[in-house]
There are 2 protein chains.
Amino acid sequence: MLSQIAPDEDLVFFRPHEFIARESEQPAGLYHMLEGWACRYRTLSDGRRQITALYLPGDYCEPHWALGRMPSQPIVALTNVRAKRVPCQVPSGALADHQPSFWKSLVDGCERQANWLVTLGRRTALERLSHLLLELFERMRQSGLAYGQQCALPLTQMDIADLTGLTPVHVNRTLQTMRTKGLVELQSKWLRIPDVAALRQAAAISQADAVI
Amino acid sequence: MLSQIAPDEDLVFFRPHEFIARESEQPAGLYHMLEGWACRYRTLSDGRRQITALYLPGDYCEPHWALGRMPSQPIVALTNVRAKRVPCQVPSGALADHQPSFWKSLVDGCERQANWLVTLGRRTALERLSHLLLELFERMRQSGLAYGQQCALPLTQMDIADLTGLTPVHVNRTLQTMRTKGLVELQSKWLRIPDVAALRQAAAISQADAVI
DNA sequence: CGAGAATTTGAATCTCTTCAATCTGCGTGG
DNA sequence: CCACGCAGATTGAAGAGATTCAAATTCTCG
């Protein structure tokens with residue numbers, strides 16, 4: 001009984017590169033991200049890697065587990081991560097008030113994936129990077145973690161390459177093009193978007209579309 | 001009362017190219033596919049198109065709608081489609097026996113998308129086509145619609161291009177390479193896979209991985 | 001301050017795209 | 001029954017975007 005209500009009982013921490021979940025291993029619970037970033041990915045036998053999801057503060061990692069699934073792709077922390085662990089089931093009982101954010105997390109994740117399929121399948125390098133930076137800024141903003149037109153972005157260019165399906169070298173070159181055009185300022189893990197409308201145009205997103 | 005139990009009341013049909021759902025328009029219901037194929041897609045302003053989901057017999061189109069979402073991408077029939085329309089909510093009451101297949105459809109769709117992110121982001125044309133054909137064959141097989149090592153595949157090369165993020169021309173050339181190598185036989189909307197193991201290898205899928 | 005990680009730069013190469021033309025299969029109508 | 005028309009499939013040649021490999025530079029942190 002006591003263990004059920006002790007608040008720090010379910011607080012967990014991860015260090016960068018530490019596994020939060022391994023493929024086909026029952027996770028210890030569902031993680032409600034409080035701080036830090038994590039990602040889901042797959043590595044092919046020859047080393048090619050693709051990141052398939054990014055978990056930011058406020059996200060559930062990973063809603064599917066509550067529907068009786070095991071992780072089909074590993075998840076690692078990208079930064080220091082602080083999270084609340086909750087039982088691997090759809091929030092109910094005392095946690096029932098979490099239901100809305102749980103379902104939102106699940107469906108948002110699905111829709112983001114559908115959008116990324118379009119980006120990876122049909123957009124150019126410049127469009128992919130624009131799309132990624134817009135999405136991340138918007139997600140940070142919605143979590144109250146953006147300050148004006150800037151926010152933290154704790155990814156290396158290699159992480160960005162694995163997100164966008166490009167090589168690190170090409171990410172670097174394209175980022176420089178974008179800086180030259182005044183589309184973004186990105187340095188030392190900090191992102192600034194001087195003109196959101198211009199970046200949206202570069203992302204080949206019609207003004208009407210949602211970013212996330 | 002009567003209308004609730006009349007069995008053909010909820011049977012609906014669509015013709016090729018007919019919209020099953022439009023972006024941001026409340027759909028008439030959830031469609032449980034009985035026969036035929038449909039797809040979800042997005043078109044960019046300059047005409048580039050990416051298909052983001054394929055609905056085959058047995059699939060729910062589209063589980064998200066039951067969780068209070070509107071379609072974020074349009075859905076059209078690719079062939080003649082016969083489907084059962086059910087209310088836009090998680091199956092309950094008299095339909096409660098559909099719950100397992102409903103949740104499975106939802107999570108399977110998510111996992112397929114995650115796999116496709118890897119394919120679009122990191123795999124070559126030959127690997128993408130191999131992956132697509134394997135997935136489709138496996139899904140048809142699980143629905144009892146495969147015969148030995150063959151099944152129907154009612155897609156044009158242009159559809160395949162929009163699924164794999166390639167151009168129709170390149171799909172054509174790559175398909176010929178695959179035919180030459182004896183990896184597939186594909187003609188007049190009919191697919192035959194002489195050697196599944198060989199095709200899996202071509203898809204850069206380790207033998208342990210699931211296809212879908 | 002030193003060492004490893006991350007970023008930047010250059011040159012050559014390759015995969016895939018683009019544009020254009022031709023060929024094939026098939027249903028319709030004369 | 002054959003001609004026509006059209007969508008889909010096929011082929012060729014040239015070009016663009018991204019990759020690869022290698023090396024140099026800068027950053028970050030212990």
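First the proteins, then the strands, lettered A, B, ... as listed; each starts at 1.
- Pairs engaging residues 101-133 of chain A under the disulfide (SG to SG under 2.5 Å) rule: A:Cys110-B:Cys110 [sequence neighbours left out].
- In this structure, the helix from C:dC1-D:dG30 to C:dG30-D:dC1 shows an angle of 40° between the axis at its start and the axis at its end, each fitted on 5 base pairs and rounded to 10°.
- Listed in residue order, the members of residues 166-187 of chain B having a heavy atom less than 4.0 Å from DNA chain C are B:Leu166, B:Thr167, B:Val169, B:His170, B:Arg173.
- A:Met158 CE: 12 or fewer foreign heavy atoms inside a 6.0 Å radius.
- Between A:Thr52 and A:Gln73, the side chains place a donor N or O and an acceptor N or O closer than 3.5 Å (distance only, hydrogens not considered).
- Remark: B:Glu35 pairs with B:Arg82 by the side chain to side chain donor-acceptor pair (under 3.5 Å) rule, at least two apart or across chains.
- Counting only residues at least two apart or in different chains, salt bridge (Lys or Arg N to Asp or Glu O under 4.0 Å) contacts with residues 169-179 of chain A are absent.
- The outermost nucleotides of DNA chain C lying under 4.0 Å from heavy atoms of chain B, listed 5' to 3', are C:dC16 to C:dC19.
- Every residue two or more places apart in sequence or in another chain was checked for a side chain to side chain contact (heavy atoms under 4.5 Å, CB included) with B:Ser24, and none qualifies.
- Counting non-hydrogen atoms under 4.0 angstrom, B:Ser188 reaches nothing in the nucleic acid.
- The disulfide (SG to SG under 2.5 Å) analysis of residues 26-75 of chain A, with sequence neighbours excluded, yields no pairs.
- Ring geometry for A:Trp116 against A:His131 counts as perpendicular: the plane angle is over 60°, on a 0 to 90° scale with 30° as the lower cut.
- Here chain A contacts DNA chain D (any atom closer than 4.0 Å to a heavy atom, that is under 4.0 Å), and the contacts span D:dA18 to D:dT28 from 5' to 3'.
- Residues meeting the ring-ring contact (aromatic ring centres under 6.0 Å, His included) test with A:Tyr60, sequence neighbours left out: A:His32, A:Phe102.
- Looking at which nucleotide of DNA chain C each of B:Ala125 and A:Leu155 is closest to, the 5′-most match is held by A:Leu155.
- Partners of B:Phe14 by ring-ring contact (aromatic ring centres under 6.0 Å, His included), not counting sequence neighbours, listed by chain and number: B:Tyr31.
- Of the possible polar contacts, none joining the B:Thr43 side chain to the B:Arg49 backbone as a donor-acceptor pair under 3.5 Å is found.
- Annotation for A:Gln187: atom CD does not count as buried by contact number, only 12 or fewer foreign heavy atoms lying within 6.0 Å.
- Scanning for ring-ring contact (aromatic ring centres under 6.0 Å, His included) contacts around A:Trp65 gives an empty result, with sequence neighbours left out.
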